[in-house]
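Note sheet for the following structure.
A, B, ... follow the sequence lines: proteins, then strands. Residue 1 opens every chain.
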Amino acid sequence: MYKQYSDKIKYSEIEKRILEFWEENKIFEKSIETRDPKKNFTFYEGPPTANGRPGIHHVMARTIKDIICRYKTLQGYRVNRKAGWDTHGLPVEIEVEKELGIKTKDEIVLYGVEKFNQACKNSVFTYVKDWNELTRRIGYWINLDDAYITCTNEYIESVWWSLKKFFDEGYIYKGFKIQPYCTRCETPLSSHELSLGYQDVKDPSIYVAVKIKNQPDTFFLVWTTTPWTLISNVALAVNKDVDYVKVKLLDENKTPYYLILAEARTVVLPQGFEVVEKYKGQDLLGWEYERLFDYVPVDKKAFYVIEGDFVTTEDGSGIVHIAPAFGEDDYQVGKKYDLPLINPVDKSGRFNELITDFKSMHVKEADPHIIQNLKSRKLLFKKETIEHSYPHCWRCKSPLLYYARESWYIATTKYVDMMIELNKQINWYPPEVGKGRFGNWLEENKDWALSRDRFWGTPLPIWVSEDGDMFAIGSIEELKEGYFLTDDGKKIPVSELTDLDLHKPYVDKIIFEKNGKVYRRTPELIDVWYDSGSMPFAQFHYPFENKEVFEQNYPADFIAEGIDQTRGWFYSLHAIGTFLFKKPAYKNVIVNELILDKEGKKMSKSLGNTVDPFEIVEKYGADTTRWYLVSNSPPWKATLFNEDDLFDVQRKFFGTLINTYAFFALYANLDGFKYEEDEIPFEKRPEIDKWILSALNVLIKEVKEYFDDYDITKAARAISEFTIEQLSNWYVRRNRRRFWKSEMNADKISAYQTLYHCLITIAKLSSPIAPFISEEIYRCLNSVTNKEPYESVHLSLYPEVGPIDEQLLHKMEVAQKIVSIVRSIRSKNNLKVRQPLQKMLVVVKKEDQDSVREMEQVILEEVNVKELQLLDTDSDIVIKKAKPNFKSIGPKFGKKVNLVANAIRNLDGNQIKQIESGQNIILQIEGENLEITPSDVEVFGEEIKGWIVESEDGITVSLDTNLTPELIEEGLAREFINRVQNMRKDADFEVSDRISIMVEGSENLQKAISKMKSYIMQETLAEELEFGKCDSGFVQEWKVGSEECKISITKK
RNA sequence: GGGCCUGUAGCUCAGAUGGUUAGAGCGCACGCCUGAUAAGCGUGAGGUCAGUAGUUCAAUUCUACUCAGGCCCA
């Protein structure tokens, strides 16, 4: 027996049952093991951090990954899928700090690095249960039991190996650079971390008057949004090519004073200024000014005007204040002019004791005080607030400072050309991310700031002697040449240690003695992005183990993550892979956009517009959610998440699919169809079967092409369209009667075989996207027939493309169009389909005439018309029209095209005949003879003399709307059948129950019913049909046509 | 300020190597069906294809600019 559904379908319940089935029978494992090991398809999982709950966007990314992997499996590839967890880094530390109530780095040291890191290790997997549950629930198949974890010794060892390679080849150096620095986390951030944390904020925007030496009452006007950096000011920069002016203004006491600023920026001045002098920037160079704040003594020449080509007149005053410790441009010109570097800010972002007035104050807090100070000294010219986007720490959200710091770098700029070159081998979906966003990023490549001054992360494996000599360690084996220094000063050879943890604080206690020198580890950790970017080899503990496994699995055939990873994982994979292996790390990458709420706003906790994936999946089912996310818009376009549409997907696609299956199951069970009969060859099946099979085969072909092109959205849409429109709405609806018949003949077997084949094929095609429902249908079908040797659709293979009868597809298309036109006419004339009509006329293009003839029966049945007359376009009663073919006449006649087009529209019957017979005709236009060829003109039958017509796509149809008494009677009979059927249902009769009918009604009605008696009885499964009093059985009163009547039915 | 993407019906999305009737689904209106039925189907009304200028015989499609939204970078 095929499974039948009695109640409303509960998707979640089906899915949970399927999950259990998969797990009990190890279907995932089998889907890998049963595939040819030589047909490898490599997928890399980008490791998430499990210390936050997963969101709906994770469902999106995981769905995409899963779809491609399942599809490739269906194609016979062996797709190993190793899960991974990102465990290190600041986000973890921050969570732990919160838990422990720790606010600064010093407190961590006090608390104990060992304990702190242990807490981090424990915290990493806080939400791992949620992650695992969501992964499981949405059917994302990935091997969670064999996940790579970035904080294991093995993983770290592989990372070290790669770092040593960088180091030994001279690509790691210690530099001094301006870096975005988080004063809360007390660590510099890499540029890709920086990109994660831009926020729109309001900052003070102040204009400061800087007194020029030896010029009474004359000031430079200087603009800044970071007042606190003024304390560290050492110079002012102008652009030597920009025009500057000196203007005269009056203060509140009407005393004149003078300001110098860029001419283009006088817009910032109040009304009533007077230009008294003009300069080029060049003229101002070297001018000295009075220092604004003198807390910090300087030992070099400073406080004069220098030249900076970065100075623009787009904002500010055209004069830029320079504080070399706090800005990239500033630092560079500072070096050029040998300016002093003033940094009175400590590592937590507070002013040191030199800054007596603002001592211990965080620089951002100090801003208003500094402004107040300037104001009291009458140096504040103007104060505003501006809103701009400013980098913030991507995790703790504090504003970053630009800060000169020592740091370790990877010299990625040394091999950026290779990165750019290799990027061209990667297929990006969509391509513009690869060319544009990622490509631009590579072209502007800066060296990778590798080190982090934190605790929980992969230690930088570089040991340095006091005199600055250094070397890198690339394995645990190498480490064994060192000594472990115990707290009480004992030196134990590392080789004698039983357990070794490569994290802080342990590694820091390992020292090396070589050539009489002592080497200690440099205290920094490395950027976590380096961890995840190492996963291609580190997940296999390469090169210490699994050499072959790694080599077979590099590069990845496919990865997929969100666009936010452009500068994150996509980059770190590429940067590391390019250097180590001279190959790109991945060949195909799907980049998915954000998921926005239905208003198009970004989902965020603060707006309260986030969607809980667990709830959604429970409510609509994982398949519906997956299908919706993927079919609504391509992954690389932002999805506006709308629950109503989810419901729609469920109802339209899944509802229809299951309904179609249920229809099949209902009758197949009644008939005991088990697909035991011989397969009826394609050629021997009825037209309609050949048609749906052809359409199905087209679908198989298309879906493969879409999937192969990573276009999941088009694949999903094609499957959905076929299922709803072709299969359910046309094939099943038209063929219902074939299944009702009682005897089992060749026609019925063909119908069963055809529908069965369609259903099981759709199950296979949709299995990558909707793994649950497809499994349900596949198993329901196959468990009865055992036609396929697989216990799961996910172990089956992608269906072969069978025969496609193109002509038949076209014929049906024409027929469907004609049917649609007739319906339109009926609807406009208020003629129900139930009312039979005598005749219709059809005019189509010559090449389509055969189609209409062959589809005549189908058309007539669909529209309930008795006779179809196909009119030749040559027929006298068809009025033909000519339409210009612009594609052809456009280039030929140029500017005259519209005149020619009009002339063509007005061609008379004879001229059209000429054209149709293949002759050219001459048109006189503005005194010129122009020759028109048949290809310039499209001729179509537009009207039929004496008939009301409707046209569409070159098909013209007319309907005889005259109702003869016979037709009316027939209509009445149909109406009558309709009432009886309704009653059968109201009375809760079974579809196969036989009945007897008693009718009480007018003579007209009786006459009509008598005439059609046998037809009525057949349709309603009636054994008796009598006229008389309705006093027993199930009785209802009706209006049939215009006739009142009473009907009673009784079960036999 | 720079880069990339997007703007098509009330909503979500298709589409067009430039060719004169721009398509679906939802929603809406009207109707149908009742042997897939706590479903299903049909018909219809909805569009200056964001705006402006240019190239062209012809632009919603190509180009430039503008506006709006998004993302990324400064």
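Across rC57(B) and rU20(B), the matching C1' atoms stand 13 Å from one another, rounded to whole Å. The same atom, C1', is picked in rC13(B) and in rU8(B); the two are 10 Å apart, to the nearest Å. When the P atom is compared between rA45(B) and rG7(B), the two are found 26 Å apart, to the nearest whole Å. The separation of rU48(B) from rG2(B), taken at their C1' atoms, amounts to 33 Å, rounded to a whole angstrom. As rounded to the nearest Å, rC28(B) and rU21(B) have P atoms that lie 32 Å from one another. rG19(B) sits 11 Å from rU60(B) when the P atoms are compared, rounded to a whole Å. Annotation: rA24(B) and rG44(B) have their C1' atoms spaced 16 Å apart (nearest Å). Taking the C1' atom of each, rC49(B) and rA59(B) are spaced 11 Å apart, rounded to whole Å.
Residue Pro634(A) is in sugar-phosphate contact alone, with no base atom involved, counting any heavy-atom pair closer than 4.0 Å across all strands shown. Gln981(A) comes within 4.0 angstrom of a base, heavy atoms only. Among the heavy atoms of the strands, none lies under 4.0 Å from Arg826(A). No engagement by Glu721(A) is indicated, since no non-hydrogen atom pair under 4.0 Å with the nucleic acid exists. Among the atoms of the strands shown, base atoms are found under 4.0 Å from some heavy atom of Arg733(A). If you check every strand for non-hydrogen atoms under 4.0 Å, Val433(A) touches nothing.
Out of rU12(B), rC71(B), rU43(B), the shortest distance to the side chain of Asp645(A) is found at rU12(B). The side chain of Lys714(A) lies closest to rG15(B), out of rG15(B), rC26(B), rA36(B). Of the candidates rC13(B), rU20(B), rA36(B), rA36(B) carries the atom nearest the Tyr667(A) side chain, counting heavy atoms from C-beta on. In the set rC26(B), rA14(B), rU43(B), the nucleotide with an atom closest to the side chain of Asp648(A) is rC26(B). Nearest to the side-chain atoms of Ile724(A) among the listed nucleotides rC32(B), rC41(B), rG19(B) stands rC41(B). Looking at the side chain of Ser824(A), the nearest of the listed nucleotides rU34(B), rG42(B), rU43(B) is rU43(B). If you check rC13(B), rG19(B), rA36(B) against the side chain of Lys887(A), the one that comes closest is rG19(B). Listed candidates were rU12(B), rG19(B), rU6(B). Nearest to the side chain of Lys637(A) is rU6(B).
Atom-to-atom, CZ of Phe653(A) to P of rG25(B) comes out at 17 Å; the value is rounded to the nearest Å. The CD1 atom of Ile821(A) sits 10 Å away from the P atom of rG44(B) (whole-angstrom rounding). If you take CG of Leu629(A) and P of rC13(B), they are 12 Å apart, rounded to a whole angstrom. Counting to the nearest Å, the P atom of rU43(B) and the CD atom of Glu862(A) are 11 Å from each other. Separating the CG atom of Asn632(A) from the C1' atom of rC11(B) is a distance of 11 Å, rounded to the nearest angstrom. Rounded to a whole Å, the CG atom of Asp644(A) is 13 Å from the P atom of rC26(B). If you take CD1 of Ile889(A) and P of rC57(B), they are 14 Å apart, rounded to a whole angstrom. Atom CZ in Arg736(A) sits about 17 Å away from atom P in rA39(B), given to the nearest Å.
Without hydrogens or angle criteria, Asn669(A) side chain to Met1(A) main chain gives no donor-acceptor distance under 3.5 Å. Judged by distance alone, with hydrogens and angles left aside, the side-chain atoms of Asn829(A) form a donor-acceptor pair with the main-chain N or O of Ile825(A) at under 3.5 Å. The main-chain N or O of Tyr628(A) is never found under 3.5 Å from a side-chain atom of Asn632(A) such that the two would form a donor-acceptor pair.
Within 6.0 Å of the NZ atom in Lys1051(A), the count of heavy atoms belonging to other residues, nucleotides or ligands exceeds 12.
Across the interface with RNA chain B, nearest-nucleotide mapping of Ser827(A) and Arg984(A) shows Arg984(A) to be the residue nearer the 5′ end. Positionally, the nearest nucleotide of RNA chain B for Arg717(A) lies more toward the 5' end than for the other of Arg717(A) and Glu1019(A).
Ring planes of Phe664(A) and Tyr756(A): tilted class, angle from 30 to 60°. Using a 30° and 60° split on the angle between ring planes, Phe673(A) and Tyr752(A) fall in the parallel class, below 30°. Taking the six-membered ring for Trp and thresholds of 30 and 60 degrees, Trp627(A) and Phe653(A) have nearly parallel ring planes, at less than 30 degrees apart.
Annotation: Phe570(A) is not in aromatic contact with Trp441(A) [ring centroid separation under 6.0 Å not met].
Thr656(A) contributes no side-chain N or O that forms a donor-acceptor pair with the base of rA36(B) under 3.5 Å. You won't find any donor-acceptor pair under 3.5 Å spanning the side chain of Arg437(A) and the base of rC5(B), going by distance alone.
Base orientation of rG42(B): anti (glycosidic angle beyond 90° from 0).
An OP1 or OP2 oxygen of rG40(B) is reached within less than 4.0 angstrom by a side-chain nitrogen or oxygen of Arg651(A). One finds a side-chain N or O of Asn978(A) lying less than 4.0 angstrom from the OP1 or OP2 phosphate oxygen of rU34(B). Taking side-chain N and O atoms only, Ser820(A) has no distance below 4.0 Å to OP1 or OP2 of rG42(B). Contact between the side-chain N/O atoms of Lys652(A) and the OP1/OP2 oxygens of rC26(B) is found at a separation under 4.0 Å. Taking side-chain N and O atoms only, Asn729(A) has a distance below 4.0 Å to OP1 or OP2 of rG42(B).
Across all strands shown, rA9(B) remains unpaired; no Watson-Crick or G-U wobble contact has both distances below 3.5 Å.
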